[in-house]
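Note on naming: letters A, B, ... go to the chains in the order of the sequence lines (proteins, then strands), and numbering restarts at 1 for each one.
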Amino acid sequence: MKHLTVPLIGFCLAGPLLAQGGAFQTPGMPARSASGQTDRFSSEFNPSLGGVIDSLLTWRSTDGSNDDGVQIALRSVEATMNAWVDPSTWAYVVVVASPDEGVNVEEAAVNYNGFGGHTSVRAGRFFVDFGKQMQAHEHDLATFERPAVLRAYLGEELGGDGVQFDDWFAAGDEGAIRYSLAIFDSLAPVVGSELDASTSEYKDASNLAYTARLTGFHDAGERGVFQWGLSARGLPDFALDTTLGNGGAVGTQGLSNDVYGVDLTYGTSDETGISGWTFGGEWLTSRGDLNAQVDDMGTPLNFADDTLSVLHGNRSGYYVWGEHAFNKFHSAGLLYSEFEQAAAGAPSDSELVAYYTRNLTEFSRLRFGVSYADPEDGNDSTAFLVQFTNFFGSHAHGVNW
Amino acid sequence: MQRLLSVPLLLILSLCAQAAPAKLKVVATIPDIGNLVQIVGGDKVEVTTICSGTENVHAVRLKPSHIVAVSRCDLFCQVGLSLEHAWVPGLLQTARNAKVQPGQPGHLTVSDGMPALDVPSDLSRQNGADLHPDGNPHINLAQGAGRHMAQRILATLSELDPADKALFEANYKKFESASLAAEARWKRLGDRLKGQQCVVYHTEFTYLLRGLGIETIATIEPKPGVPPTPGHLAEVIQTVQSAVSNHPGAKIPVITAAWSNNSSVDRIVESSPQCTKCLLASMVPKGKTWLDTMEDLHKRLAEAYGVPYPDPEPEAEPAPAETH
């Protein structure tokens, strides 16, 4: 009789597993929901899944440089999940793999809308609500990458772990005003490539990074929309450090930087809604500690006396952009950006990008362009670019309006 | 004395203003629904329509006034079947009006209960970019859609404003009898058009054409939402020429909308003298009613095939022998 006991117990335990019913749980194990919905593979409760493959071919020519030629690169692969958690809460996750940065959880945030009215709170990791472009991922932009001034003052992409409060109210019958305020554990500033920026792991609440945005949207005629916006990103406390030629390190702490921006955008479409013009521009100023340089104290072979010399000041820059959509498959645009560099008295950098976008379908996009960069203290460079971006499954991010 | 009187007078006026029953604020996605809500609701509703009637309904550019209107409305009406899926979910999520979220009494999908055509059995995007899982969503152009949509609107308005149910029912009855008369006329037109052939650019007129018995022999988009390739256009031209040789003298309209790639349509039209371009509206244009628009669509089709449009009164219908 004893020889039957083990198979019998095994059969009793296997029953629920085969049926995928309520899992057998020993006391003290993590308890799942009573309804059993979290351990069934019912498609009704699965999140929507999506993916993006973004590739870029670049042919670059720089005056007086041997570093010319063609590069074909898989720029990034993105996987997204979106789902309602409950009737008041939805969440999304964006995981991106790129050759430069490996695999990163770029966004993973929960939005709670249960306060009533138009208020929401987002918590987790998410891109900053600054201006018109910083919330978008690179493959969703109208151009190949963010305008040069945004890359210089805020970064190619800027996200952090934090909490954001968001609200909007009507301004008459034809307008709305939205505002947001967020605090982040850290929003790393953009500095020279040889420097690492960081913030302390535990910090005073007054040293948390923050963003704020106030923006208004208004009907402009029968088929136009006008938007204005004011944005701020504050970083009250950060440190810079770098590795020296002898393998040692040098750094400085207690730095701060603020960036403020003003943006204006106008879009209009024809009567079909698929052809139209969009014009926009954004002006930014970066204030405080902007960058740092290694000062060898006049003894280049002696690393022991090297220090970091911090560059302070106020710098500003802007971009302007215009695009025409011929129909839902063809559009073309022009973007110009100019900004002051961190070093005092250094000349401005500028960049001009012209592009043509061919949407093969709603989910497949080819973009051709030429980019001309004119750094006043460096060599002019011209790049011809072909971007091929494909979206599969559903595609969504936590972008605000 | 004048000042003494003015205070009670203002008070009475303000009380009167408060006593006036508030109208139901309704937002409709397309003018077809907006027009039917206005017909059924009469002066008890205040309707805002998002599309003006000329847009591609899959690509509507929302304005701030739309968000404000949805945030304040009592009833939100859409066609459904994912016709407006590119912009309605975001609009509802942004406007944050709990009364009109899906599943609430203030959220109405007028296509519910109508049998959809071309429900895909396979949801792979290999079958097209504009794939609608619940079937072809352009149900507003079905001959019987007016009555169906109006019935759905009647039921919802009566639920939200039971005090005015009798008025809504009376308004609906008037529309129903006008629609039935028009549908009878369209049926007689269908008798004349049955078996005729056409080419379409996109599938937005499927309900209208099948309701009349018109056969679509080719679609210029190889798959819904996918622009035509040169190879596919050559295939369409071959199909048209084959149909022309099988039915000499038969007219083959190439039916399209304003936002389609009409240079492709022109290539097909130029491929045979029996082809003509037939530009149709897929929504009610500004200032028109659903019945006017459907009447106009049927007249245009009759014209495209060169058949006489049936007279309004059945009694005035000429004998078949005289018409053919």
For [X], is it the side chain, the backbone, both or neither that has a heavy atom under 4.5 Å from a heavy atom of chain B?
X        : value
A/Phe392 : backbone
A/Ser88  : neither
A/Phe326 : neither

Below 4.5 Å, heavy atoms only, C-beta onward: do [X] and [Y] meet side chain to side chain?
X        : Y        : value
A/Glu174 : B/Val68  : no
B/Trp259 : A/Lys328 : no
B/Arg61  : A/Ile274 : no
A/His218 : B/Ser65  : no

**Item:** Part of B/Ser52 lying under 4.5 Å from any heavy atom of chain A
**Value:** side chain
**Request:** Against chain A, label B/Gln93 side chain, backbone, both or neither, depending on which of its atoms sit under 4.5 Å from a heavy atom there.
**Result:** side chain
**Prompt:** Counting only N and O atoms by type, is there a donor-acceptor contact under 3.5 Å from the side chain of A/Thr272 to the main-chain atoms of B/Glu55?
**Reply:** no
**Item:** Under 3.5 Å donor-acceptor, A/Trp168 side chain and B/Ala95 backbone
**Value:** no
Taking atom [atom1] of [X] as the centre, does the number of heavy atoms from other residues, nucleotides or ligands within less than 6.0 Å exceed 12?
X        : atom1 : result
B/Lys277 : NZ    : yes
A/Arg365 : CZ    : yes
B/Lys99  : NZ    : yes

**Message:** Please rank B/Cys51, B/Pro227, B/Ala258, B/Ala69 by heavy-atom pairs under 4.5 Å with chain A and give me the top one.
**Reply:** B/Pro227
**Message:** Tell me which of these, B/Gly90, B/Gly225, B/Ala257, B/Ser71, has more heavy-atom pairs under 4.5 Å with chain A than the rest.
**Reply:** B/Ser71
**Message:** Using every non-hydrogen atom in the two residues, find where A/Gly175 and B/Pro64 come nearest and quote the distance to one decimal.
**Reply:** CA-CB, 4.0 Å
**Asked** Between B/Arg96 and A/Gly117, which heavy-atom pair has the shortest distance, and what is it?
**Response** CB-O, 3.4 Å
**Worked verdict on B/Arg72 versus A/Asp173 for side-chain contact (heavy atoms from CB on, under 4.5 Å)** = CA-CA 10 Å; B/Arg72 293 170 174 169; A/Asp173 290 336; 2.6 Å; yes
**Asked** With sequence neighbours left out, what residues match A/Phe217 under ring pair (Phe, Tyr, Trp, His ring centres under 6.0 Å)?
**Response** A/Trp401
**Request:** Report, by ascending residue number, the residues of residues 219-231 of chain A in heavy-atom contact with chain B at a distance under 4.5 Å; give 'none' if the set is empty.
**Result:** A/Asp219, A/Gly221, A/Glu222, A/Arg223, A/Gly224, A/Val225
**Request:** Under 4.5 Å, counting heavy-atom pairs only, tell me which of A/Ser275, A/Ser364, A/Ser120 racks up the most with chain B.
**Result:** A/Ser120
